[in-house]
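This report concerns only the one structure given below.
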Number of protein chains: 4
Amino acid sequence: MSDKSAKPHPIEPRKAPRQARSNATVDAILEAAAHILREEGLVPFTTNAVAQRAGASIGSLYQYFPGKDAILTELIRRKRQTMLDAIRLAARETRSRPFAEAVDRLIAAGIAHQLDDPQVSRALEYAESTLPLHTETHELKMAIVAEVSATFAARGFSEPEIAAHDVVALTRGMIDTAGLYGETDASSLTDRVRRAVTGYLKTAPKVSRT
Amino acid sequence: MSDKSAKPHPIEPRKAPRQARSNATVDAILEAAAHILREEGLVPFTTNAVAQRAGASIGSLYQYFPGKDAILTELIRRKRQTMLDAIRLAARETRSRPFAEAVDRLIAAGIAHQLDDPQVSRALEYAESTLPLHTETHELKMAIVAEVSATFAARGFSEPEIAAHDVVALTRGMIDTAGLYGETDASSLTDRVRRAVTGYLKTAPKVSRT
Amino acid sequence: MSDKSAKPHPIEPRKAPRQARSNATVDAILEAAAHILREEGLVPFTTNAVAQRAGASIGSLYQYFPGKDAILTELIRRKRQTMLDAIRLAARETRSRPFAEAVDRLIAAGIAHQLDDPQVSRALEYAESTLPLHTETHELKMAIVAEVSATFAARGFSEPEIAAHDVVALTRGMIDTAGLYGETDASSLTDRVRRAVTGYLKTAPKVSRT
Amino acid sequence: MSDKSAKPHPIEPRKAPRQARSNATVDAILEAAAHILREEGLVPFTTNAVAQRAGASIGSLYQYFPGKDAILTELIRRKRQTMLDAIRLAARETRSRPFAEAVDRLIAAGIAHQLDDPQVSRALEYAESTLPLHTETHELKMAIVAEVSATFAARGFSEPEIAAHDVVALTRGMIDTAGLYGETDASSLTDRVRRAVTGYLKTAPKVSRT
DNA sequence: TATGAATGAGCGTTCATTCAT
DNA sequence: CATGAATGAACGCTCATTCAT
């Protein structure tokens with residue numbers, strides 16, 4: 001986000017990450033950050049504003065985060081980790097169930113995480129594209145796709161990665177737009193997303209089993 | 001002393017670019033703006049940077065655009081107008097052709113406009129959500145959906161607006177992601193988008209014809 | 001994108017200067033502001049110039065004052081408060097003395113405050129007329145006139161407010177001009193102002209006492 | 001007003017002054033300038049705004065005035081010349097009349113010129129103090145005082161210049177303030193000013209005639 | 001550790017002025 | 001002469017970041 005590329009501002013939290021991630025101040029900062037993103041967007045998202053809302057001093061904020069970008073990165077990381085956990089759970093629990101059910105659970109997980117707090121999701125999504133590539137968040141992203149891909153592979157699709165990317169992409173597109181229009185009824189949206197995903201998958205190439 | 005609150009900063013371009021010279025400057029500015037959005041994103045998108053890249057002085061920029069937002073708005077307006085024109089043409093030319101062909105043309109139009117310059121598209125999309133609502137660009141957005149919706153209605157779908165929104169959304173989601181991953185092969189993407197769209201529409205509710 | 005209209009720029013100082021350090025900065029800023037007004041006028045009176053002369057960063061200036069206007073307003077407020085205090089003291093101390101003495105003390109107070117730093121006074125006077133109306137400074141102005149008015153009323157003048165306005169106005173006119181011509185001898189000026197004021201008051205309408 | 005003291009911007013009109021002063025464009029510019037000063041003040045008084053309101057191009061404005069300051073200067077010059085003419089007429093016509101009448105005519109002239117258009121007067125007054133000293137307007141100012149001074153000298157006052165300065169100053173102070181408070185009734189004001197002036201003069205030192 | 005005053009590069013924008021047409 | 005597009009220095013102000021306390 002910030003441009004002062006002259007000075008090295010690492011993106012990793014300053015403290016040992018595990019501690020930092022469970023500290024009350026850190027949580028307050030992230031909560032405040034999400035709040036501002038949700039209510040006001042990426043432009044009024046300033047470190048001073050975040051610190052103030054978190055009830056922390058700006059100095060404290062910099063004690064836990066090396067810079068503005070790091071806050072956004074950690075927000076992304078957490079959101080994505082939650083998503084990955086949900087997807088993994090869904091995959092595990094539907095491994096021996098009909099495929100339709102597996103797909104449904106995947107979609108439900110996506111909707112649960114994207115439709116709740118759509119402005120924050122949107123802001124983070126855009127922010128990420130302007131941030132220097134961050135290994136961990138990127139790996140989480142790949143892991144989500146990999147998880148979906150594994151589910152598809154297990155069901156005999158021959159190009160599971162492509163299918164996974166596409167399914168994730170179209171799902172996100174639909175949910176994003178729904179969020180933008182203030183849609184909050186998950187059930188209608190779930191149904192429509194399912195129709196698109198199912199339709200897509202029906203015609204996806206399968207491994208020929210002879 | 002300060003005049004701040006007195007003068008609003010409208011989003012409409014300041015002068016109708018009537019003369020060739022003016023037009024050239026306006027175009028140079030918009031081109032420069034797109035370039036910066038494409039190469040660097042929304043954060044380094046500053047009026048001075050745009051002017052410099054356009055080979056114009058900052059004063060000239062402000063002669064044609066009342067502010068930074070207006071440049072973004074005009075970029076959105078133009079992009080959307082082009083898209084609308086393409087969609088309208090596609091709709092007109094396929095009115096008496098098989099539905100599959102109509103859908104294909106719609107998708108092709110979407111891909112042509114979104115896959116070309118995906119970073120700019122993404123930046124503008126996010127920018128729009130932070131801009132004060134601009135009537136004309138908003139109407140163009142609605143017009144695009146309306147056009148798709150009309151096509152669907154003509155084919156007997158009973159909830160054409162919802163279908164239109166969803167189709168546009170999932171298409172954009174897929175193209176966006178493809179652009180993000182550097183995919184440039186339109187034909188494969190077209191095929192996959194078609195599968196999702198077709199699958200979605202196949203199960204969409206139709207008007208019961210008695 | 002731009003936030004302009006969202007945040008108003010109040011005129012009140014941003015933080016109550018509680019700590020010694022803060023107070024020192026505020027004072028340095030106000031001193032620097034007065035200096036620039038005195039030596040160069042309202043045009044070169046810029047926030048950056050003030051900050052620089054105050055030995056503070058522009059950021060610090062904005063930590064204590066929400067904008068340029070606020071600096072001018074505070075300067076006016078302080079000057080006027082001092083003046084009001086002096087006038088009140090003069091009035092209190094001459095309540096049971098001959099009227100001539102009361103008038104003399106009033107004039108002396110006016111001269112003491114206006115003849116010292118006449119360029120600053122002149123600049124602030126003009127500045128005020130271009131500033132949005134500020135309640136506190138306006139009330140101080142009215143309080144000064146009210147104080148003079150009360151003195152006149154106590155001495156039986158039947159239109160004390162008009163007399164007060166006129167006396168203040170003519171006194172200020174004379175002192176202003178004297179300051180403009182570099183006059184610094186208070187005693188000659190005092191004498192001349194007294195003659196005008198006394199002459200004016202001698203013919204002012206009085207409550208008929210029967 | 002402008003600070004770019006590096007480049008020599010003479011204040012004299014570019015054209016032979018007499019012509020310039022009677023040109024229709026010049027008049028339109030000055031009228032527009034006065035209008036803006038009156039309605040909006042010194043801050044929005046910009047060359048482009050003046051030209052636009054005058055229905056002239058900014059280029060034309062610069063054909064007749066070498067800069068912004070020159071417009072203000074010419075406005076001052078004209079106002080002052082009119083005032084001087086009126087004062088001279090008043091002096092001439094009351095030379096052989098009672099002194100009280102002479103004073104009355106002087107005051108009437110002052111009120112006529114200052115109370116009409118008080119915002120413009122105030123703006124010009126402040127502007128002048130920030131402008132580089134301009135010979136002609138300064139001489140006009142002196143001439144006005146000299147005229148009043150001559151009137152006083154002819155009536156036997158021993159320090160006519162001081163008296164003239166003071167009378168002009170207090171009169172201006174009173175009228176200014178009246179204008180600021182929106183007073184438009186000249187007759188009451190005239191009366192009050194007369195009382196101050198008369199009172200002042202009654203006690204002014206006279207040449208002892210033996 | 002926590003604090004928050006201080007910093008200053010840099011942003012969006014204005015406007016006096018020039019000059020090619 | 002008139003035009004008005006172009007210029008760019010300079011303004012008011014913000015905000016990411018530092019560091020003395």
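Keep in mind the model is a prediction, meaning the values are calculated, not measured. Lettering follows sequence order; numbering is per chain, from 1.
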ask   = Does any non-hydrogen side-chain atom of C:L37 lie less than 4.5 Å from one of C:L75?
value = yes

ask   = D:I58 has an atom CD1; how far is it from atom C1' of F:dA6, in whole Å?
value = 13 Å

message = If the threshold is 4.0 Å, N to carboxylate O, is there a salt bridge linking D:E125 and D:R122?
response = no

message = If I compare all heavy atoms of C:F65 with all of C:V26, which pair ends up nearest, and what's the gap?
response = CZ-CG1, 3.9 Å

request  = Check whether any side-chain nitrogen or oxygen of C:T47 sits under 4.0 Å from OP1 or OP2 of F:dG12, and answer yes or no.
outcome  = yes

key: For atom CZ of B:F45 and atom P of E:dC11, their distance in whole Å   = 13 Å

request  = Drop me the distance from A:Q119's CD to A:L42's CG, to the nearest 0.5 angstrom.
outcome  = 12.5 Å

ask   = For B:Y64 and F:dA6, is the shortest distance between a side-chain N/O and OP1 or OP2 below 4.0 Å?
value = yes

task = Report yes if a side-chain nitrogen or oxygen of D:Q63 is closer than 4.0 Å to either non-bridging phosphate oxygen (OP1 or OP2) of F:dC1; otherwise report no.
result = no

request  = Find which nucleotide of DNA chain F each of C:G59 and D:S57 is nearest to by heavy atoms, and output the residue with the more 5' nucleotide.
outcome  = D:S57

ask   = So with a 6.0 Å cut-off around CZ of C:R53, is the heavy-atom count from everything else above 12?
value = no

inquiry  = How many whole angstroms separate atom CZ of D:F65 from atom P of E:dT18?
reply    = 16 Å

Nucleotide F:dA16, atom P - distance to CG of A:D69 in whole Å = 10 Å

ask   = So what is the 5' to 3' dot-bracket string for DNA chain F, if pairs are Watson-Crick or G-U wobble with both distances under 3.5 Å, crossing pairs use [ ] and | means the partner sits on another strand?
value = .||||||||||||||||||||

query = Quick one: CG on A:L30 to CZ on A:R77, what's the gap to the nearest 0.5 Å?
reply = 9.5 Å

query = Within this structure, what is the NZ-to-P distance between A:K68 and F:dC15, rounded to whole angstrom?
reply = 8 Å

task = Mind calculating the distance between CD1 (B:I29) and P (E:dT13) to the nearest angstrom?
result = 13 Å

ask   = So does C:K79 pair up with C:E128, basic N to acidic O under 4.0 Å?
value = no

task = Just call it for A:S60: base, sugar-phosphate, or nothing, with non-hydrogen atoms closer than 4.0 Å on any strand.
result = base

query = Hey, are the side chains of C:L61 and C:I71 touching, using non-hydrogen atoms and a 4.5 Å cut-off?
reply = yes

query = With sugar-phosphate meaning primed atoms plus P, OP1 and OP2, does D:T46 contact a base, only sugar-phosphate, or nothing at under 4.0 Å between heavy atoms?
reply = sugar-phosphate

task = Taking the side chain as every heavy atom from C-beta outward, state whether A:E31 and A:H35 have any atom pair closer than 4.5 Å.
result = no

request  = Write down the distance between CD1 (B:I71) and C1' (E:dC11), rounded to a whole number of angstrom.
outcome  = 13 Å

message = Taking only side-chain N and O atoms of C:Y62, does any of them lie within less than 4.0 angstrom of OP1 or OP2 on F:dT14?
response = no

inquiry  = Surrounding CD of B:Q52 (heavy atoms of other residues, nucleotides or ligands, distance under 6.0 Å), is the total greater than 12?
reply    = no

task = Would you kindly give the CD1-to-C1' distance between D:I36 and E:dC15, to the nearest whole Å?
result = 13 Å

request  = Under 4.0 Å from any atom of DNA chain E, heavy atoms only: list the residues of residues 48-56 of chain B that qualify, in numerical order.
outcome  = B:N48

